[in-house]
Amino acid sequence: MATTKTLYSVVSTTRGPVAVGEAGNLLTYEMPNGNETDFANHEWQLAFSNGPATRGNALRAADVTDDGRRVYFVGGSGAFGAFDVETKTKYNYSAPSGKTSTWEGISVVGNVGEEIVYASNGSGEVMRLPMDTEQGCLLTDLDEPGVNLIKPGSGSNIPALDFRESRPGYGHAVDTSSNAFAASGDGYATDAWEDVGIPNSQVAASDVISYETEDEDRAYVASGGGKLYRLECACNNWTPSNSARRSSPASPARGRTSSSSATPGASSRSAPASSGAA
């Protein structure tokens, strides 16, 4: 039994699924003998507990680089870090630029060494943290080039955001006041947010995906009351539907393209659920 604590987010990496949750736990889904075809003997293992800064704050959300090699995660009291699944190395970036609010959402674009990380918090802020490609360091101070912080809306909690690898600087975010925002700027996308809805929703949003294929340009938002909203981005037209359950804690698919969450580089969030074997 790897943990009995609640898990909040899971991503797919080159080394299998990685999950994060309460007490700063990060779990990996390893095959004990290194046999990648030995599917019957998968087992969850606790890579570390107590979070990136060893303070035990819950990790609320996770995302992974496009090549599936590094997981970034955020959580309570400014918890912010990364875990390289190839080298089993943990990195601590907690309280970037002194921000100690609970980080709620995270989206990562790019491969290891060139990634850009976007994170949202309970104060309604979105922060952009780029990688210094020469030094191999994630930049976290607002005085450093490319680091940015903005409040797209009124300051309500932003529980989720999603950026696309197919279109740099383009993505969506949602807040708990029924608002959805689109970022369509250049690399400094947090300077270019626009309120795009959701008309007459009157329920808190909980998750969002920003979705693009050759034929579709959409965003999906999961909200309270079992509501699921689809945005046709080109027309700025919203279509609601009711899911089978009364609440919709996560969007039906997660990722910045049409790839499934089983593909390395994709991620998924779900409603909090306690797990014995993770």
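For this chain, numbers begin at 1 and follow the sequence in order. Values reported hereafter were calculated over all heavy atoms of this structure, with side chains retained and with hydrogens, waters and symmetry mates removed. Quantities reported herein were computed from a predicted structural model and do not represent experimental measurements.
Here the CG atom belonging to L46 is positioned 8.0 Å from the CG atom belonging to L26, to the nearest 0.5 angstrom. Rounded to the nearest 0.5 angstrom, D84 CG and R15 CZ are separated by 10.0 Å. Atom CG in L59 sits 10.0 Å away from atom CG in N50 (nearest 0.5 Å). One finds the CG atom of L139 at 12.5 Å from the CG atom of N148 (value rounded to the nearest 0.5 Å). The OH atom of Y220 sits 10.0 Å away from the CG atom of L231 when rounded to the nearest 0.5 Å. For the atom pair F80 CZ and W103 CH2, the distance stands at 6.5 Å (nearest 0.5 Å).
Using modelled atom types, one finds a donor on one side chain and an acceptor on the other under 3.5 Å when comparing E22 with Y8. There is a side-chain donor-acceptor pair under 3.5 Å between S101 and S123. Under the 3.5 Å distance criterion, with hydrogens and angles disregarded, a donor-acceptor pair is assigned to the side chains of E86 and T14. Of the N and O atoms on the side chains of N111 and T65, not one donor lies less than 3.5 Å from an acceptor on the other residue.
In this structure, the side chains of N25 and V20 stay at 4.5 Å or more apart for every pair of heavy atoms. No side-chain heavy atom of T102 sits under 4.5 Å from any side-chain heavy atom of N121. In this structure, the side chains of V117 and L138 come closer than 4.5 Å at one or more pairs of heavy atoms. Annotation: side chain of F181 is not in contact with side chain of V196 (no heavy-atom distance under 4.5 Å). By the 4.5 Å heavy-atom criterion applied to side chains, V74 and M127 are not counted as neighbours. Residues I116 and L129 fail the side-chain proximity criterion, which asks for heavy atoms closer than 4.5 Å. Within the 4.5 Å cutoff, the side chain of T100 has no heavy atoms near those of the S77 side chain. Proximity of L228 to S223: side-chain heavy atoms (C-beta onward) are nowhere separated by under 4.5 Å.
Hydrophobic clustering places V71 together with F48 (ILVMFWY residues linked when any side-chain heavy atoms are closer than 4.5 Å, directly or through intermediates).
A donor-acceptor pair under 3.5 Å is formed between the side chain of D67 and the backbone N or O of V112. The main-chain N or O of A219 is never found under 3.5 Å from a side-chain atom of S210 such that the two would form a donor-acceptor pair. At least one donor-acceptor pair under 3.5 Å links the side chain of D175 to the backbone N or O of N179. Under the 3.5 Å distance criterion, the side-chain polar atoms of D63 are matched with a main-chain donor or acceptor of V108. At least one donor-acceptor pair closer than 3.5 Å links the side chain of S9 to the backbone N or O of A62.
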**Report entry** Residue pair E212, C233: steps toward the side-chain contact (heavy atoms from CB on, under 4.5 Å) verdict
**Finding:** CA-CA 10 Å; E212 185 175 29; C233 297; over 6 Å; no
Query - Worked check of side-chain contact (heavy atoms from CB on, under 4.5 Å) between L27 and L7 - result: CA-CA 9 Å; L27 285 73; L7 300 174; 4.0 Å; yes
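Between G146 and P130 the shortest heavy-atom distance is O-CD, 3.5 Å. Contact detail for P52 and G81: the closest heavy-atom pair is CB-CA, 4.0 Å. Closest approach of P240 to Y229, counting heavy atoms only: CB-CE2, 3.5 Å. The minimum heavy-atom distance between V208 and A173, with the atom names listed, is CG1-CA, 4.3 Å. Of all non-hydrogen atoms in W238 and G197, the two that sit nearest each other are NE1-CA, 3.8 Å. Nearest heavy atom pair, residue S178 against residue S201, reads CB-OG, 2.9 Å.
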Return a table of donor-acceptor pairs under 3.5 angstrom between the side chains of residues 151-161 and protein atoms on other chains or two or more places apart.
from, atom 1, to, atom 2, distance (Å)
S156, OG, S177, OG, 2.5

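The cationic atom of K90 (NZ for Lys, CZ for Arg) does not lie both less than 6.0 Å from the six-membered ring centre of F83 and within 45° of the ring axis. In this structure, R164 fails the cation-pi test against Y170, since its NZ or CZ atom is not both closer than 6.0 Å to the six-membered ring centre and inside 45 degrees of the ring normal.
Residues in residues 91-103 take part in these salt bridge (charged side-chain N to carboxylate O under 4.0 Å, His left out) pairs, two or more places apart or across chains: K99-E125.
Screening R70, R69, R128 for a salt bridge (charged side-chain N to carboxylate O under 4.0 Å, His left out) involving E115 leaves a single residue, R70.
The number of heavy-atom neighbours closer than 6.0 Å to CG of D141, taken from other residues, nucleotides and ligands shown, is above 12. Heavy atoms from other residues, nucleotides or ligands lying under 6.0 Å from CZ of R218 number more than 12.
Note on ring orientation: taking the six-membered ring where Trp is involved, the planes of Y72 and Y93 are parallel (angle under 30°, cut-offs 30° and 60°).
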